Amino acid sequence: MNLFERDIAVDLGTSSTLLFEQGKGVVAREPTVVAVDKFSGKILKIGQDAQKMLGRTPANIVAIHPVSAGVISDYEITAQMLRELIGRITSLSLFKPCVLACVPSSITGVEERAVIDAAIEAGARKVFLLETAIATAMGAGVDISKADGHMVIDIGGGTTEVAIVSGGGVVECESIKTAGTSFDEAIVKFIRRKYDLLIGLSTAEELKRSIGCVIQRPDLSYEEIKGRDLSNGLPKSVRVSSTELIEAFVEPMNRILETIHLVLERTPPQLVGDLDKNGIIMSGGGSLIYGIDRLIERSTGIRTMVVDDAVSCAAYGAGKMLLHLDTLQDGMMNFYRKRQLRG
């Protein structure tokens, strides 16, 4: 049993939070959801346990998503959630760990400070920040120290981040609030419009995972879903095909493609040549939608591949960076401001 501190990398996402412990790998993977008693303010459950309570509890228990669009929206709840998760790992340790947190490239100084303060309050000795695009590239096996351009597209739960990584930093990036949840919402709208049927976001997410696609599948797939008939309020079920979901996904998919083209337009010409050779790396839960890599490849003409473990890729990349904390500056990084000054 090791009583000395082991450093921890945290990938704090809108949908899920992953913790990587040095020497052990990914040791916690929990939905970023907290169940709170709204009268007392007391946290009842976090992660998986909180998610199971959704829609099955008295009115005084509410589910809070403390991270929105990749940044902290509820500081107190995030700090308590991190304290609980880090505490599970470090309960037998004599020392406080150093924490390396993955943050979006477009993060502002105020948002950076919220992440640092929340991690310190959760029990960190020192906090280091790493851009998610860099962590994803490292997790995919890219040597980020070389002056060699790579495009990273991370489609998470709340944000899609498109970044050009080269020479150990992010050269160009763009974040939009169109991501995994936007595809769920698109399904809800489509089913309501076409079938006059109201379904929940969790049903939409299951549908997205089972038969969701942005290009035609080799075999046409069907799924039966249940919801409330808006004409009479009674339960009703309909059979939905994978082809219908292509139609439902057009709008969010177009916004993602526009963002990719925008970043490509702003990329220095010498790096565009590198992208042609190195291809595009995709990560995040949203990149698992069937055909999304092929649609992007078709739209850009650049070879596109989804990394092996798309959801955990950034956490593994940040885990690799734990071995090089002595090369990083702790505390505020002002990524966004530095990039503005450089531009």
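Only heavy atoms go into these numbers, but all of them, side chains included; no hydrogens, no water, no symmetry mates. Quick caveat, the model's predicted, so the values are computed rather than measured.
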task: Ignoring hydrogens and angles, state whether a donor on the side chain of Ser299 or His261 is under 3.5 Å from an acceptor on the partner side chain.
output: yes
task: State plainly whether one hydrophobic cluster holds both Ile120 and Val103, where clusters connect Ile, Leu, Val, Met, Phe, Trp and Tyr through side-chain heavy atoms under 4.5 angstrom apart.
output: yes
Atom NZ of Lys236: over 12 foreign heavy atoms under 6.0 Å: yes
- prompt: Do Gln216 and Tyr290 get their side chains close enough for a donor-acceptor pair, meaning under 3.5 Å?
  reply: no
message: Under a 3.5 Å threshold, yes or no: a donor from one side chain and an acceptor from the other, between Ser175 and Ser106?
response: yes
query: Do the side chains of Ile215 and Ile246 get nearer than 4.5 Å, heavy atoms only?
result: no
- prompt: Would you say Ile8 and Gln22 make side-chain contact, with heavy atoms under 4.5 Å?
  reply: no
- request: Report the C-alpha distance between Thr300 and Ile260 in whole Å, list the side-chain angles of each, state the deciding distance to 0.1 Å, and finish with yes or no for side chain to side chain contact (heavy atoms under 4.5 Å, CB included).
  value: CA-CA 8 Å; Thr300 60; Ile260 295 166; 3.8 Å; yes
field: Transitive ILVMFWY side-chain link Leu262 to Met151, under 4.5 Å
entry: no
message: Restricting to non-hydrogen atoms, name the atom on Cys173 and the atom on Ser105 that form the minimum distance, rounded to 0.1 Å.
response: SG-CB, 3.5 Å
field: Thr17 side chain to Glu30 side chain, donor-acceptor N/O pair below 3.5 angstrom
entry: no
- prompt: So do Ile292 and Ile155 actually touch side chain to side chain, heavy atoms under 4.5 Å?
  reply: yes
message: Any heavy-atom pair between the side chains of Val165 and Ile134 that's under 4.5 Å?
response: yes
field: Residue pair Phe128, Val99: steps toward the side chain to side chain contact (heavy atoms under 4.5 Å, CB included) verdict
entry: CA-CA 6 Å; Phe128 299 85; Val99 169; over 6 Å; no
message: Looking at Arg228, I'd like to know if its CZ atom is crowded, meaning that more than 12 non-hydrogen atoms belonging to other residues, nucleotides or ligands lie closer than 6.0 Å.
response: no
- prompt: At what distance, to the nearest 0.5 angstrom, does CD1 of Ile164 lie from NE2 of His150?
  reply: 10.5 Å
Flag side-chain contact, heavy atom, 4.5 Å: Asp229 against Pro235: no
- prompt: Would you say the side-chain atoms of Thr259 pair up with the backbone N or O of Arg255, donor to acceptor, closer than 3.5 Å?
  reply: yes
- prompt: Say you draw a straight line from CD of Gln48 to CD of Gln51; how long is it, rounded to the nearest 0.5 Å?
  reply: 6.0 Å
Point-to-point distance, once rounded to the nearest 0.5 Å, from CD of Glu21 to CD1 of Ile86: 11.0 Å
- request: Answer yes or no: does atom NZ of Lys45 have more than 12 heavy-atom neighbours from other residues, nucleotides or ligands under 6.0 Å?
  value: no
task: Indicate yes or no for a side-chain donor-acceptor contact from Glu224 to the backbone of Arg239 under 3.5 Å, with no hydrogens or angles considered.
output: no
field: Straight-line distance of Ser73 OG to Ile64 CD1, nearest 0.5 Å
entry: 9.0 Å
message: For Thr32, run the side chain to side chain contact (heavy atoms under 4.5 Å, CB included) check against Val67, Ile77, Thr78 and tell me which one passes.
response: Val67
- prompt: Got a donor-acceptor contact below 3.5 angstrom from the Arg125 side chain to the Lys96 backbone?
  reply: yes
- request: With rounding to the nearest 0.5 Å, note down the distance linking CD1 in Ile144 to NZ in Lys146.
  value: 12.5 Å
message: Quick one, Leu230 with Leu197, criterion side chain to side chain contact (heavy atoms under 4.5 Å, CB included). Give me CA distance, side-chain angles, the key distance, then yes/no.
response: CA-CA 6 Å; Leu230 288 166; Leu197 183 75; over 6 Å; no
Backbone N/O of Thr203 and side chain of Lys226: donor-acceptor pair under 3.5 Å: no
Heavy-atom pair of closest approach, residues Ala204 and Val188: CB-CG2, 3.8 Å
message: Using side chain to side chain donor-acceptor pair (under 3.5 Å), reason through Glu223 and Ser210 one step at a time and then give a plain yes or no.
response: CA-CA 8 Å; Glu223 194 79 42; Ser210 59; 3.3 Å; yes
statement: Closest non-hydrogen contact found for Val311 with Gly285 is CG2-CA, 4.0 Å
field: Distance-only donor-acceptor check, side chains Glu161 and Thr132, under 3.5 Å
entry: no
task: Would you confirm whether Arg192, through its side chain, and Ile187, through its main-chain N or O, come within 3.5 Å as a donor-acceptor pair?
output: no
message: Hydrophobic clusters here meaning ILVMFWY residues chained together by side-chain heavy-atom distances under 4.5 Å, can you tell me if Leu207 and Val250 are in one?
response: no
- request: Return yes if some donor-acceptor pair links the side-chain N/O of Ser182 with the main-chain N/O of Ala179 below 3.5 Å, else return no.
  value: yes
message: Any donor-acceptor pair under 3.5 Å linking the side-chain atoms of Thr108 with those of Glu111?
response: yes
- request: Answer yes or no: does atom CG of Asn254 have more than 12 heavy-atom neighbours from other residues, nucleotides or ligands under 6.0 Å?
  value: yes
4.5 Å side-chain heavy-atom contact, Met138 and Tyr316: no
- request: Spell out, as yes or no, whether a donor-acceptor pair under 3.5 Å connects the side chain of Ser166 to the backbone of Asp148.
  value: yes
message: Side chains of Thr304 and Arg294: any donor to acceptor distance under 3.5 Å?
response: no
query: If you count the non-hydrogen atoms of other residues, nucleotides and ligands that lie under 6.0 Å from CD in Glu174, is the total more than 12?
result: yes
field: CA sep, side-chain torsions, deciding dist, call: Gln80, Tyr75, side chain to side chain donor-acceptor pair (under 3.5 Å)
entry: CA-CA 9 Å; Gln80 288 186 62; Tyr75 170 79; over 6 Å; no
query: With hydrophobic residues grouped by side-chain heavy-atom distances under 4.5 Å, do Leu264 and Met253 end up in a single group?
result: yes
message: Applying side chain to side chain contact (heavy atoms under 4.5 Å, CB included) to Ile61 and Lys38, what does each step give before you reach the verdict?
response: CA-CA 6 Å; Ile61 298 173; Lys38 70 176 176 186; over 6 Å; no
task: Determine whether Ile289 and Phe249 make a side-chain contact, defined as any pair of heavy atoms from C-beta on separated by less than 4.5 Å.
output: yes
- request: Would you check if the side chain of Asp74 reaches a backbone N or O of Pro66 as a donor-acceptor pair within less than 3.5 Å?
  value: no
- prompt: Does Ile302 share a hydrophobic cluster with Val171, counting links as ILVMFWY side-chain heavy atoms below 4.5 Å and allowing steps through other members?
  reply: yes
task: Evaluate the side-chain proximity of Asp274 to Val272: yes if any heavy-atom separation is below 4.5 Å, no if none is.
output: no
message: Tell me whether the count of non-hydrogen atoms from other residues, nucleotides or ligands lying under 6.0 Å of NZ in Lys189 goes above 12.
response: no
- request: Output the distance between atom CG (Asp154) and atom OG1 (Thr159), rounded to the nearest 0.5 Å.
  value: 7.0 Å
message: For a quick test of reading the model, state the closest non-hydrogen atom pair linking Phe20 to Val26 and the distance between them.
response: CD1-N, 3.8 Å
task: Considering non-hydrogen atoms only, spot the tightest contact between Leu100 and Ala318 and give its length.
output: CD2-O, 3.2 Å
query: With distance as the sole test, does Thr181 use its side chain to make a donor-acceptor pair with the main-chain N or O of Gly157 at under 3.5 Å?
result: yes
message: Before you tell me yes or no, could you show the steps for Arg303 and Glu297 under salt bridge (Lys or Arg N to Asp or Glu O under 4.0 Å), namely the whole-Å CA-CA distance, both residues' side-chain angles and the distance that decides it to 0.1 Å?
response: CA-CA 6 Å; Arg303 180 175 50 86; Glu297 185 168 323; over 6 Å; no
message: Can a donor-acceptor pair be found, under 3.5 Å and without considering hydrogens, that links the side chain of Ser242 to the backbone of Ser221?
response: yes
message: To check you understand the geometry: which heavy-atom pair defines the closest contact between Asn278 and Gly149, and what is its length?
response: ND2-O, 2.8 Å
